[in-house]
Amino acid sequence: MQPESVTQFQPVPAKPSGEPPLVAVPVEATPAPSIIVPLPGLSVPAIPVPAIPLSGPRPRGAKRALATVRRNPLALAGGTILILMALIGLFAPLLFPGDPLAIVAEPFIWPGSDAAHPLGTDSLGRDLLSGIAHGAGVSLRVGLSATALGLVIGVGIGAVAGYFGGWTDAVLSRLIEIFQTLPNFVMLVVLVAIAQPSVTTLSIAIAVVTWPTVARLARAEFRSIREKDFVMAARSLGFGHGRIILSEILPSALPPLIVTASVMVASAILMESALSFMGLGDPNVVSWGSMIGSGREYLRTAWYMCALPGFAIMLTVLALNLIGDALNEILNPRSHEDRR
Amino acid sequence: MNGPIVQPRVPAVPLLAVEDLRIGFGAHQPVSGVGFDVREGETLAIVGESGSGKSLTALSIMGLLPSSARIAPGSSIRFEGREISALSVKDARALRGGSIGMIFQEPMTCLNPVMTIGDQVAEALRQHQPLTRKAAKARAVELLDLVRIPDPHRRVADYPHQLSGGMRQRVMIAIAVACGPRLLIADEPTTALDVTIQAQVLDLIDRLRRELSMAVLLITHDLGVVAQWADRVVVMYAGRKVEQGEPDPLFARPLHPYTQGLLTASPRLDDNFHYSDGPLNEIPGSISSVAGQVGCAFAPRCAHACTACRETIPVLHHLTDGRQVACPVLITEEHRVAAFHR
Amino acid sequence: MSLLSIADLSTHFRLPNGALRALDGVSLDLQAEETLGIVGESGCGKSTLGKTILRLVQPTSGSIRFAGEDVTTVPTRKLAQFRRRAQMVFQDPFASLNPRHTIRKILTDPLVVHGIGDKPERARRVEDIVQRVGLDAGALDRYPHEFSGGQRQRVGIARALILEPDLVICDEPVSALDLSIQAQTLNLLSRMKADLNLSYIFISHDLSVVRYFTDRVLVMYLGRVVESAPTRALWSAPRHPYTRALMDAVPDPARRRHAAPIKGDLPSPQDVPTGCRFHPRCPLATEICTRVEPTLDRLGDGHSAACHHA
Amino acid sequence: MPTALGIVIISFLLLQFAPGDAVDVLAGEAGSATAEGMAEMRARYGLDQPVLTQLWAYLSNLVHGNLGWSPRYNMPVTQLIWDRVPESLVLTGAALVLALIVGIGLGAVMAAREGRLTDRLLSVLSLVFYSVPAFWIGLMLIVLFSIKLGWLPSGGAGTIGSSATGVAALLDKLRYMVLPTISLSLFYIAIYARLARVSMIEAKGQDFVRTARAKGLSERRILFRHVLRNALLPVTTVAGMHVGGMLGGSVVIETIYGWPGLGRLAYEAVMGRDFTVLLGILLFSSLLVIVANALVDVLHSILDPRVGGSDAA
């Protein structure tokens, strides 16, 4: 149920294959052999590709982004939902002061039947709307911090492995592989069971199980970009490793990572909710998952207690994925340049 | 009166006749009014740099243009006298791979990586001929032998990645000529190949042209290839034909400033000109500055350009020896007379 | 003293399915202000040679001396000093410029890395070099994708020259360009050479360009030099059968429809033939060629060839 | 297998950080534990040994296929896991197959209708599938199909006490499988649909498809012989990677539906702080993932001749 790999939307290049090394293939099309070797410099008698001349300079980043958003109302909807959720989460303490876990009314008030509690109350008489509002903050906080941490670890390890290659890569790749083989959610359950569940430990645990995906992607990107001529040029100009990694390669490797990041936030929210649903979340805060978990017993009579917070999760995650799609369209050159 | 009349042998219709071909992508028209014909058994070369529209022209004959491309009304492509655009889907398919074969620039990516080369050749055969699987396989081996792939019985089961670039291009040729086409379109067939392999492949194409009595439409950017292998040459620039003629007179005495520029800009293997002797002749600017411009597309780069060139698109002048040139400036009476007297 | 002196240089790559001897015992000398051409087909190692000289690829054995100093094994730290004096122009003007940097950044960064000048001085140098390569200063704040191939290659040349190197390795600098742009680029390179007293190593598969642009030529086949001669001498009397075949293979308007000069495919550098590497395709091959690898013998007048029958 | 060893060591060390152990839990439940009693229990299970000794003991047991003893269930962990494995495999296997079939089908339809309304609608639908928490959709399916409509059972793995055999038993089993399988597979349906769509569109633009057109092949033949096979390569790669994800996902799904598989066992182990069992499950499911990856590699070398084949002549 939880995303095992958050980058499924990019087509995965065919597995390592024995592409003949002697033929003129663009470096990025050469699937990874298990040991990194510098690709022999082969002279490609490359020659003008029949291309249609572009009329004038291509629209630049911001302009293209705007155009994409205008073409894609779904992305706009996603953005709106997300901003709304963020605002609700941010201002929940002001909008719904008081502990969302406090009992405020009769239990089992159905949504819509009491104006004071528009979304009803749960089995203990806690206000669902207040819970959902406060839960938004928790979900987004966990989602963002887990993603940030996962990105830092993943990009760091992936970049080093991909850029330096050799035994560094061999060791780090093995580490990535180990963490990828451990079934994600089982591992997550173990981690949370060990640590005392809190928003912080949940975020760390989720980062620990998601970084390998980022690392793999970053490694692949760095590997292919470091073989590009402009990186060769930087090396031939005497640039240091740090400058090459940060200033030359990273900007080009970033687009797919940004797309991944938005999807990672989504999957972190899903993971957090699943953990909380199972009672492994932070017991001191209200979370969408834990609301569903506590409503589960009353599924037969008061299914709205599960339905409503679940809907909030779906909406938020959907919004993030819509944004991820739009980012992919804007940032992934393949999706718009090959169309002729 | 009733005695036998000896008719002068004039080919009734050319094998392929392209007239006023215009291909557009939205407002952009990378091919704008190209016409030429290919006669039975000849090699016609279309030469041009990137952006000249030569490859699009070739693709349009095969009906392989990208879906966003539109052929403008009034354009005409006739094969054996039949208008290609008027053909039914089925007839058009019969034409592709049946009467017209095509090979492309990149032998690396043009073959399906997960099918054996034998299957890929056999597939072309079975599409157009009622052959059993076994017969098609046997014929595929013969075809591989025809294109000089050593040990075809063994190679037939190979996958494309097991072959070198030159061998893959031979397989592409085998596929293209599988059904004995009347016309072979070769779109930059040797650009991705090494020069010694290029010679072999061009040699092979020309030998097959004679053996299978087909015509060849050769698309290339390489003037040397054109000079060596073509019977007639069409020079394209920015979507238009600027000059046409037989290679010897064309290269000996180019009439269009662009053709002249190309010939003088390239160092020639046979002449002793060295960088220490002086710089190469340059064509200033680049082709990409063409968009949205009225008049002759070459005018901004042309040393001879006059006001008229920048205002109207020059018409194609037909000279009597079959040469054509789309430049009013350099056709003086002298050229005309020279042309008449040839 | 030669500017660059290479002795018995080899670069082998480890591939999953065996070793690839991209470069196998190559020696050469380059004088100051000379242009040395390196010509050959795919897999001959010419590009690897260029990259190995700049230590972009580690040599397996052999030595590289630059201006009298051995740079084969200098530690990466000190490599920067050498790289300031030896630069490279790449084949693909689209891949060799970072798409996310402006031309100004592309040209300024090398100065920053080598600590050359202060801010105004760097700006002055950048503007100067841009003008020299024939672009206007307005180009500086634009991105590579806004330029045509020819213009990008000018930027690539400017980047190679901004550190005022002594040696520039041009790796197929015009093969990705249209014919009409090739002449512009070659003229620019030749002007820069005269202006800045450069030495070039000019790697190309295009014999006609090599003939025009170089003073001396090395012909390579499968990782080895098979012939080396002053350019004019090579063309007037090629000694190695491969050189002859290569010259004959170039389409020539003077010879219509002749048979291909050599049969057979280029062997893979992972599976190099025994004896003389060219013997399976060689019209002159005899028994000795299958067994004994010929050495590069001096034939006088700076002409050498590695052939038992030369 | 260094990966497997790495997994063993990492997960074992992780568990050393766990506060409290099975003895604590047992003692807590019994409510009458003395310090000596607990120490004695720890000694019995080897929990008082130094960490490295415990790891060594664990490793050497592992070599003999022994994953330790569960104090809570009072039976060997291996036995415990083996009892649950078939149910888990049936569920995840069914979900994977369902996801592949429906996903690739949807993807093919979307690719064929690229840019049109069908494509857009299905794209949004797949994105919704991708965004729905599996446990929630599981609950909602129960509400609809079990509680409101009464068509399908809301939990369990078969009618208790049923004496049906043969086809009847199979049908009974299938009835119980429908909801959990759907809940588990929706997310993967979305992934495969989107991936299949992208890779089919990409495969369609390849040069060899143009070659196929130049041969005069029909669009149908091009689709099946040339596009589909190449487009499925990335899908198989990804599907192999999902075995671990599915096993993880089954923790929640099995808990909701009371499906007696590994996932539910994991949940019970966490709740009971039975780390030996938890560690066993983690190791065992990692092993399954390794096996699945190996199978995918084999499949891949069948589908793609470039993998592991010989190189250019």
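It should be emphasised that the depicted structure is a prediction, and the values quoted were computed from it without experimental measurement.
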Is it possible for you to check whether D:Arg210 lies under 6.0 Å from the centre of the six-membered ring of B:Phe104, through NZ or CZ, and within 45° of that ring's axis?
yes
* To do: Spell out, as yes or no, whether a donor-acceptor pair under 3.5 Å connects the side chain of B:Arg96 to the backbone of D:Gly216.
  => no
query: Counting only N and O atoms by type, is there a donor-acceptor contact under 3.5 Å from the side chain of D:Thr211 to the main-chain atoms of B:Cys110?
result: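 Yes; at least one donor-acceptor contact below 3.5 Å.
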Worksheet entry | Residue selection (most heavy-atom pairs with chain D, distance under 4.5 Å) from B:Asp119, B:Asn112, B:Thr116, B:Ile175 |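 Between B:Asp119, B:Asn112, B:Thr116, B:Ile175, the count favours B:Asn112.
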| said: If we define contacts as heavy-atom pairs under 4.5 Å, which of B:Leu95, B:Leu125, B:Val89, B:Thr109 has the most with chain D? | reply: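 Of the candidates given, the most pairs with chain D belong to B:Thr109.
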Looking only at heavy atoms, which two atoms of [X] and [Y] are closest? And how far apart?
X: B:Met102; Y: D:Ala214; result: CB-CB, 4.4 Å
X: D:Leu217; Y: B:Arg93; result: O-CD, 3.2 Å
X: D:Pro305; Y: B:Pro113; result: CG-O, 3.3 Å

For B:Arg207, I'd like to know if atom CZ has over 12 heavy atoms of other residues, nucleotides or ligands within 6.0 Å.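 More than 12 within 6.0 Å, yes.
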Verify the neighbour count for atom CZ of D:Arg120: are there more than 12 heavy atoms of other residues, nucleotides or ligands below 6.0 Å?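 No, because the 6.0 Å sphere around CZ of D:Arg120 holds 12 heavy atoms or fewer from other groups.
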Honestly, the part of D:Arg221 sitting under 4.5 Å from a heavy atom of chain B is side chain
Review point. Side chains of D:His226 and B:Gln120: do they bring a donor and an acceptor to under 3.5 Å?
Key: no
Ranking D:Lys215, D:Gln206, D:Arg213 by heavy-atom pairs under 4.5 Å to chain B gives rank one to D:Lys215
Taken to the nearest 0.5 Å, the spacing of D:Ser218 OG from B:Gln127 CD works out to 6.0 Å
- Step by step, would you call D:Asn230 with B:Val114 a side-chain contact (heavy atoms from CB on, under 4.5 Å)? CA-CA 7 Å; D:Asn230 281 283; B:Val114 300; 3.8 Å; yes
So, the part of B:Leu64 with a heavy atom under 4.5 Å from chain D: the answer is side chain
So, the part of B:Met167 with a heavy atom under 4.5 Å from chain D: the answer is neither
